[in-house]
Amino acid sequence: MIQRPRGTRDLLPPESRLWQAVEELARTVFASFGADEIRTPAFEPTELFVRSVGETTDIVHKEMYTFEDRKGRSLTLRPEGTAGVARAWIENRLHDRSHPLRLYYIGPMFRYERAQQGRYRQFSQIGLELLGADSPLADAELLLVLHELFTRLGFDDLQVHLNNLGDPEDRPRYQQVVRETLAGRREALCSDCQRRLDENPLRVLDCKVPSCQVIVADVPPVSDVASEASRQHVAAVEAQLERLGVPFVRNRRLVRGLDYYLRTVFEVVSPRLGTNAVLCGGGRYDRLISDLGGPSLPGSGFAIGEDRLVDVLPEPFKERVLGARRLYLVPLGAPAQAEVLALAREWSRAGVTVEVELTGRSLKSALKRADKEGFAAVAILGDDELAGGVVAIRDLVASSQQVMAAAAVPDWWKGRG
RNA sequence: GUGGGCGUAGCUCAGAUUGGUAGAGCAUCGGACUGUGGCUCCGAUGGUCGGGGGUUCAAAUCCCCUCGUCCACCCCA
């Protein structure tokens, strides 16, 4: 049997409805704050990700799906969404548009990793990018939109972690501080941290090995070495959030795995997820567009892991989506079968969710099925009803039954919502 | 990429230690009840025992390889 590739999944009904509902709400909330959708290719020139995400990052270095096309060009399945948006902005001269520009995307990303719960080789991200505004207000708006979406999904237990990564100019100075602080204790660090010390010292900060955390506790947080301008920026973001009542915690150890972030960085974590608890990550990237050869343009954005989000969706939201009422239309006998689709069309046009029984099963087994499948009601159309121009409507919840004109069913249906 | 757990019916699992005709519950379909669900009873359908190879008269069971999945590390969404 041919099986799907490792780390990919088939989204089946009814769970696919949850995905639709999440995406629909995200579109609604984003659009209500002035964002529009952008759709970029699922694969891009490899160079784009090397230059934006960063050569030394794990994503680029060992997690990309890279291949050559028939003309020998190196292409890569996108491992994240921001790079493609930045590329598209430059290539399509969106510079000419009025800014700031709010662009959102929803779609699959690809990373070659060992799959486990909440981590897949193909996963979906819902992202929002805010281009052309360098103010703290822009970062605050992103966090607000995020908070609004999560609140409307019914979450009340998520935590927003926030940190200041400083400006790129601060980075060498900070790396120096890290190296100096840890110079004498290199041997005491785990082997991963010893490697990080050379390649990407920032990442030593969020090592989860307890012995490392003890040692790293002596290292001053990035924000202490950060420029005055970046400190004022992040402080202003925090002040906005406090004013808005958007809860967050300062996490001075928070570091992100993509090189383009600076100043404001944040994560949203769910206590209901295990190891892969990060539901959303984001931050400011004022140098990304210029690093890719475009003009100087500030930007800020986030990406939500849709797979993880759906995994921890609050029960009330799920019930609302999965509990949608449906009417089961059951024809009995050939004359009724001849009429049944026309009737379904009529009801469908009037806003009824109607499912026609097609297999000719007995009324008894149809009712049995209706009960199992959770239909709200069954419309029975037999010879008797046909003769009188009526249908028998059996309400499965109330266990009651009545006969009414076929044309009256949509109103009856609405009245019971 | 590293370490470990687990793959038997659509689902949850027994059967493996000691090789000997593949099982149960649930689900599905049908009947009891000829046009009325949920409960009960009866019956039926359903399996290359993840795949391949080896040992053996005989393998779900023992050995090797492989694929998948889950957990931890790593990483991030």
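Worth knowing before you read on, the calculation uses all heavy atoms, side chains too, and leaves out hydrogens, waters and symmetry mates. In what follows, chains carry the letters A, B, and so on, assigned in the order in which the sequence lines appear, proteins first and then strands, with residues in each chain numbered from 1.
The separation between A:Leu363 atom CG and B:rG31 atom P is 12 Å, rounded to whole Å. We find that NE2 of A:His61 is positioned 14 Å from P of B:rG1, with the value rounded to whole Å. If you measure from atom NZ of A:Lys368 to atom P of B:rA27, you get 11 Å, rounded to the nearest angstrom. As a whole-Å value, the separation of A:Leu367 CG from B:rU34 P is 13 Å. When rounded to the nearest whole Å, the span between CD of A:Glu385 and C1' of B:rG35 equals 8 Å. Atom CG of A:Asp371 and atom C1' of B:rU36 are 12 Å apart (whole Å).
One P atom belongs to B:rG35, the other to B:rG23, and the distance between them is 36 Å to the nearest Å. Atom name P, nucleotides B:rG10 and B:rU45: the rounded distance is 15 Å, in whole Å. Comparing the same atom, P, in B:rA32 and in B:rA22 gives a spacing of 35 Å after rounding to whole Å. Spacing between B:rU21 and B:rA16 at atom P, rounded to whole Å, works out to 12 Å. Atom name C1', nucleotides B:rU36 and B:rG43: the rounded distance is 23 Å, in whole Å. A gap of 15 Å separates the C1' atoms of B:rU8 and B:rU69, to the nearest Å. Across B:rG30 and B:rG15, the matching P atoms stand 35 Å from one another, rounded to whole Å. Annotation: B:rC64 and B:rU28 have their P atoms spaced 42 Å apart (nearest Å).
With both pairing distances under 3.5 Å, B:rU2 is matched to B:rA72 as a Watson-Crick or G-U wobble pair. Pair assignment for B:rC11: B:rG25, on the basis of Watson-Crick or G-U wobble contacts that are both within less than 3.5 Å. The partner of B:rA77, taking Watson-Crick or G-U wobble pairs whose two distances both stay under 3.5 Å, does not exist in any strand shown. With a cut-off of 3.5 Å on both Watson-Crick or G-U wobble distances, the partner of B:rU18 is given as none. Figure legend. B:rC41 is base-paired to B:rG31; pairs are counted as Watson-Crick or G-U wobble with both atom distances under 3.5 Å. B:rG46 is unpaired under the Watson-Crick or G-U wobble criterion, no partner having all donor-acceptor distances under 3.5 Å. B:rU61: no Watson-Crick or G-U partner with both key distances under 3.5 Å is found in any strand.
Residue A:Glu373 is out of contact with every strand shown, counting any heavy-atom pair closer than 4.0 Å. Residue contacts for A:Gly7: at a heavy-atom cut-off of 4.0 Å it reaches the sugar-phosphate backbone alone, with no base atom in range. When heavy atoms are screened at a 4.0 angstrom cut-off, A:Lys364 is found touching base atoms of the nucleic acid.
Mapping A:Asp395 and A:Arg369 onto RNA chain B via the closest heavy atom, the residue that lands nearer the 5' end is A:Arg369.
Side-chain atoms of A:Glu24 and A:Gln20 include no donor-acceptor pair closer than 3.5 Å. Residues A:Tyr120 and A:Arg111 bring no donor and acceptor atom of their side chains to less than 3.5 Å of each other.
Nearest approach of A:Thr76 to A:Phe49, heavy atoms of both residues: O-CE1, 3.7 Å.
Under 3.5 Å, the side chain of A:Ser362 and the base of B:rG35 form no donor-acceptor pair of N or O atoms. On a pure distance criterion of 3.5 Å, no polar donor-acceptor pair joins the side chain of A:Gln401 and the base of B:rG35. Between the base of B:rG37 and the side chain of A:Arg394 there is a donor-acceptor pair shorter than 3.5 Å.
For the side-chain hydrogen bond (donor to acceptor under 3.5 Å, both in side chains) with A:Arg263, the lone residue among A:Asp139, A:Asp167, A:Asn164, A:Asp134 that qualifies is A:Asp167.
The cationic atom of A:Arg121 (NZ for Lys, CZ for Arg) lies less than 6.0 Å from the six-membered ring centre of A:Tyr112 and within 45° of the ring axis.
With values rounded to the nearest 0.5 angstrom, A:Tyr285 atom OH is found 5.0 Å from A:Thr82 atom OG1.
Annotation: side chain to side chain contact (heavy atoms under 4.5 Å, CB included) contacts of A:Gln401 (sequence neighbours excluded): A:Ile380, A:Ala392, A:Arg394. Taking A:Thr57 as the reference, nothing meets the side-chain hydrogen bond (donor to acceptor under 3.5 Å, both in side chains) condition, with sequence neighbours excluded.
Side-chain nitrogen and oxygen atoms of A:Lys372 include at least one within less than 4.0 Å of the OP1 or OP2 phosphate oxygen of B:rU28.
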Protein heavy-atom contacts under 4.0 Å, written 5' to 3' over nucleotides 71-77 of chain B as B (base), S (sugar-phosphate only) or - (none), form the string SBBBBBB

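Using a 4.0 Å cut-off between a side-chain N of Lys or Arg and a carboxylate O of Asp or Glu, A:Glu238 and A:Arg250 qualify as a salt bridge.
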